Amino acid sequence: MHPVSEAEAMAFAPSSASLSSASPLPFLLRSDSIASTDEIKQGHAPTASLGVNHARSLLARLRAGNKDLAASTSIASYSDSLKRGTFPDNFTFPPLLKLLADAHAFRAGVALHAHTAKMGFDADVYVRNSLIRLYFVCGEIGCAKKLFDGFPERDLVSWTTMISGFTKAGHPKDAVKVFFEMVDENLRVDGMTIVAVLSACAEIGDLELGRKLRRCVDAFHLDADVFIDNALVDMYSKCGDIDSAREVFDKMPLRNVVSWNSMIAGLANNGEFEMALVLFRQMQCDDVQPDGFTLVPVLNSCASLGALELGRWVHACLSRKGIEADGIVGNALVDMYAKCGMIGPAMEVFSSMFHRDVYTFTSMIVGLAMHGRGDESLTLFDDMLRAGVRPNEVTFIGILSACSHAGFVEIGLRHFRSITATYNLTAKIEHYGCVVDMFARAGMLDEAQEFISSMPIEPDEFIWGSLLGACKNYSEVDIGETALERIVELDPDEEGAYILMSNLYASSNRRKDGYQIRKTMRKNKVRKTPGCSLIEVDGIIHEFQKGDKLHPQAQQIYAMVDEFIHLHRTLSHEKSCHHSERLAIAFGLISTKPSTLLRIVKNLRVCKYCHIAIESISRLYNREIIVRDRYRFHHFKNGACSCNGFW
DNA sequence: GTAGGGTTAG
């Protein structure tokens, strides 16, 4: 950092001589006080100029980045010309104000606002609109609103600036209100206004208004505009109407990188991860260069699908393009590696990052907890607090599940209490669920029941499910029956609960009751979510459903599965099982080199028998196998699993 | 000759 010279600090103070003829009040470095925003909110232009210390800190801050440099250079040359006696005109201010807005240089903005007022240009419509945007960007919504309200000559641009300003400031409902005021006044609306309102609709999720705007776009034949089409794609995606988004996207005569980004992000955010990746490949075929905005939803999709190879490719692509693996992109990378079972690489990216926020830490904390590394997860939480990063609700999901997994009941309870007591966050049903799970897994079934009855929130089927699961493990038929009753009341289609209960009966020598449960399931036509496992081989994701023979290599796969049973039978007696994870593992074994690590992603929990079988497979075939199920990772190696039987 | 537009994580 260069020292700031007095001359530079004076840059904001035009000499009184050069201004005396234009203004009765000379601009001087009067004090360190700056005009308060109250002045502006009350409808007055700021009167005080910038003080020495403020100018100094501003200049230091302006040196920090490119936008800031651009702003500081321009301001410097502006004040130089003032000192030379050249006077600004109405064309001088808009570009300067824009630079200051982009650099979020609020104090300098106020100072310049004062200049415009002193020189009589603050009623110029261009100057006024620039000031409105500046105040919005700096978070001074009250000032922006005052400038707009007290401005008789406001034009289309003023209105559009208000609409987009409110949306970007996180007040999309106010944006829509402004739009309707505009409509009520029968004012002209153009494409840019529509884009701004569509963006507000997207934030609110107001599909109805979005559709009306679409009709407006069609009526005025504005739909060949790439900005409008992009805004439509984004609006439809964020409102959950992904088909309409795709329809607009497919019909676009011209697409830019933002069009692809919006569509890929829309697919990923609507859970269409495979399609997001397909579109990403298509984008490359179209020779559109991806940027950070593209790669974040692509990484999220990789994370959800366990597509590590593509994820790694994206990582390499980032480095190649010189996109820094920091901030949001870094967070997405950490999350991708953690969700693909690669805690080591996740930690490497984590350590290399400069800006670690609550998302960075949370991804890592949740990742470690899901891998059964509860103590490391808790250590990282302490690191996070020491780094001055405040946890959020999701962080506590990770912390509580880490405690649950590691059997730290006391520590877990202390963290649970701190959610509200220390951090003033809301403990949600998921947090209560973690605590129930914590008691239940530790075999403290009475405490779990007591905790459930003391909850201020109505327990849901997941809470009762945790309890039932523990009843199964500890053969507690009575409590299990109560839990099942509650679950059936809340979600009669919950197949897992019936199966747990029937297994609980079976393990308690009450097979008859078990059959009864299965009969009820058939009678009630309880749907079964089909088990589905994914495995990525050579960058291609292969999907298997329980017992399906759709894969081109089905014959070899089933032969391999039979081999498992044959080998496995020497250890225990098992009937033939074609659960999806076995098919995926069999395919992995026959299509990769010996000792290649296999990674499976499954939509449901791994059953007890498959868990035992995979332990043996890892030893017999000398393979590390990482299975991500609905809840956590199972890292199988040499006949043992990282979950230690906790799942 | 100046001002206003779209996309990103747990």
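These numbers come from a predicted model, not from an experiment. By convention in this document, chain letters (A, B, ...) are assigned in the order of the sequence lines, proteins followed by strands, and residues within each chain are numbered from 1.
Residue A/Asn331 is classed as a base contact, given a heavy-atom separation below 4.0 Å to a base. Residue A/Ser130 is in sugar-phosphate contact alone, with no base atom involved, counting any heavy-atom pair closer than 4.0 Å across all strands shown. Across all strands shown, A/Val258 has heavy atoms under 4.0 Å from base atoms, whether or not it also approaches the sugar-phosphate. Residue contacts shown for A/Asp291 are absent, as no nucleic acid heavy atom lies under 4.0 Å away. Using a 4.0 Å heavy-atom distance criterion, A/Leu156 is classed as a base contact. Among the heavy atoms of the strands lying under 4.0 Å from A/Asn256 is at least one base atom, whether or not backbone atoms are also near. Across all strands shown, A/Asp229 has no heavy atoms under 4.0 Å from either base or sugar-phosphate atoms.
Side-chain to base pairing of A/Asp225 with B/dG5: one donor and one acceptor N or O lie within less than 3.5 Å of each other. For B/dG4, the base has a donor-acceptor partner in the side chain of A/Thr160 [N/O atoms by modelled type, under 3.5 angstrom].
Taking the ring axis of A/Trp313 as reference, the NZ or CZ atom of A/Arg320 stays within 45° of it and closer than 6.0 Å to the ring centre.
Following rounding to the nearest Å, A/Asp124 (CG) and B/dG1 (C1') show an atom-to-atom distance of 13 Å. Distance, A/Trp260 CH2 to B/dT7 C1': 15 Å, rounded to whole Å. Atom CD1 in A/Ile365 sits roughly 20 Å away from atom P in B/dA9 (whole-Å rounding). Here the P atom of nucleotide B/dA9 and the CG atom of A/Asp326 are 17 Å apart, to the nearest Å. Rounded to an integer number of Å, the gap from A/Ile228 CD1 to B/dG5 P is 14 Å. For A/Asp190 and B/dA3, the CG to P distance is 15 Å, given to the nearest whole Å. Rounded to an integer number of Å, the gap from A/Ile397 CD1 to B/dA9 C1' is 17 Å. Summarising the geometry, the separation between CG on A/Asn300 and C1' on B/dT7 is reported as 13 Å, rounded to the nearest angstrom.
Taking side-chain N and O atoms only, A/Lys238 has a distance below 4.0 Å to OP1 or OP2 of B/dT7. Not one side-chain nitrogen or oxygen of A/Lys168 sits closer than 4.0 Å to the OP1 or OP2 atom of B/dG4. Contact annotation: A/Asn129 side-chain N/O to B/dT2 OP1/OP2 distance is not under 4.0 Å. The phosphate of B/dG4 has OP1 or OP2 within less than 4.0 Å of a side-chain N or O from A/Arg133.
Considering CG of A/Leu131 and CZ of A/Phe136, their distance stands at 12.5 Å, rounded to 0.5 Å.
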- Task: Verify side-chain contact (heavy atoms from CB on, under 4.5 Å) between A/His431 and A/Leu400, making sure each step is shown before the conclusion.
- Result: CA-CA 7 Å; A/His431 299 103; A/Leu400 294 176; 4.0 Å; yes
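If you check B/dA9, B/dG1, B/dA3 against the side chain of A/Lys98, the one that comes closest is B/dA3. Relative to the side chain of A/Ile328, the nucleotides B/dT7, B/dT8, B/dT2 differ in distance, and B/dT8 lies closest.
Evaluation of A/Tyr126 against the base of B/dT2 yields a stacking contact (centre distance < 5.5 Å, interplanar angle < 30°).
Exactly one residue among A/Val329, A/Leu333, A/Thr360 makes a side chain to side chain contact (heavy atoms under 4.5 Å, CB included) with A/Met353. That residue is A/Thr360. The only member of A/Phe166, A/Phe180, A/Phe148, A/Phe179 that meets ring-ring contact (aromatic ring centres under 6.0 Å, His included) when paired with A/Trp159 is A/Phe148.
In this structure, the side chain of A/Arg154 does not engage the main chain of A/Val125 through any donor-acceptor pair within 3.5 Å.
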